[in-house]
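Heads up: the structure comes next, in structure tokens.
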Amino acid sequence: KFEYKGEKIRAMTYKPDFVGDGFLIECKGAMTDGFKPRWKIFQYTLFREGIDLDLYMPRNQGDVLKVIEQIKAKL
């Protein structure tokens, strides 16, 4: 949270579904309109802070299996 020109702004938080060593997984079946800007802000924050994570957003079981294989290949 912060204050801008005397107005108190509530904190915006984000808790991913899974966090591992060097990666983050956010499972989304359908991406809502409210989530889209939050995800962009999250990506920008990582970029701005110089945090290098592999981001995955599987939307179905096939995507989950692909993500698992990609992560395993990097180990």
Side-chain angles (χ1 to χ4, degrees):
K1 66 183 180 177
F2 61 97
E3 194 169 311
Y4 179 74
K5 295 186 179 184
E7 179 185 356
K8 292 184 179 181
I9 309 296
R10 291 187 314 160
M12 187 166 63
T13 60
Y14 167 68
K15 184 176 179 182
D17 293 320
F18 302 96
V19 178
D21 187 21
F23 68 89
L24 178 145
I25 301 172
E26 177 63 38
C27 298
K28 281 284 180 222
M31 193 181 300
T32 63
D33 289 338
F35 180 77
K36 291 176 185 180
R38 285 190 178 123
W39 184 250
K40 286 182 180 182
I41 291 169
F42 176 68
Q43 290 175 310
Y44 176 72
T45 301
L46 292 176
F47 167 75
R48 185 184 68 215
E49 299 295 325
I51 300 170
D52 185 26
L53 290 175
D54 292 330
L55 302 178
Y56 301 97
M57 192 179 308
R59 296 186 179 183
N60 56 47
Q61 186 176 2
D63 289 348
V64 170
L65 295 174
K66 288 177 189 174
V67 166
I68 291 169
E69 290 304 316
Q70 290 172 349
I71 292 171
K72 285 169 61 175
K74 290 184 178 193
L75 297 178

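Predicted, not measured: the structure shown is a model, and the values here were computed from it. Residue numbers run from 1 in the order of the sequence given.
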(message) Could you check whether atom CZ of Arg10 has more than 12 heavy atoms from other residues, nucleotides or ligands sitting under 6.0 Å from it?
(response)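 No, because the 6.0 Å sphere around CZ of Arg10 holds 12 heavy atoms or fewer from other groups.
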(request) Return the minimal non-hydrogen interatomic distance between Ala11 and Lys1, and the atom names on each side. (result)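 That would be CB-N, 3.4 Å.
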(request) For residues 14-34, pull every pair meeting ring pair (Phe, Tyr, Trp, His ring centres under 6.0 Å), keeping only residues two or more places apart or in separate chains. (result)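 For residues 14-34, and leaving out neighbouring residues, the ring pair (Phe, Tyr, Trp, His ring centres under 6.0 Å) pairs sorted by first residue read Tyr14-Phe42.
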(message) I need the full list of side chain to side chain donor-acceptor pair (under 3.5 Å) pairs touching residues 27-39, with sequence neighbours left out, sorted by first then second residue.
(response)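 Of all non-adjacent pairs touching residues 27-39, none passes side chain to side chain donor-acceptor pair (under 3.5 Å).
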(request) Could you name each residue pair satisfying side chain to side chain donor-acceptor pair (under 3.5 Å) that touches residues 15-24, not counting sequence neighbours? (result)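 Of all non-adjacent pairs touching residues 15-24, none passes side chain to side chain donor-acceptor pair (under 3.5 Å).
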(message) Suppose we screen for side chain to side chain contact (heavy atoms under 4.5 Å, CB included). Which residues come up paired with Leu75, at least two apart in sequence or across chains?
(response)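 Expected list: none.
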(request) Just jot down the side chain to side chain contact (heavy atoms under 4.5 Å, CB included) partners of Phe47, sequence neighbours excluded, or say none. (result)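 Expected list: Tyr44.
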Could you pull out every donor-acceptor pair under 3.5 Å between side chains of residues 49-72 and any protein atom, sequence neighbours left out?
| from | atom 1 | to | atom 2 | distance (Å) |
| --- | --- | --- | --- | --- |
| Asp54 | OD2 | Lys74 | NZ | 2.6 |
| Asn60 | OD1 | Gly62 | N | 3.1 |
| Asn60 | OD1 | Asp63 | N | 2.8 |
| Asp63 | OD2 | Arg59 | N | 3.1 |

(request) Could you list who else is in Tyr4's hydrophobic cluster, with ILVMFWY side chains joined at under 4.5 Å, directly or through other members? (result)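 Same cluster as Tyr4: Phe2, Ile9.
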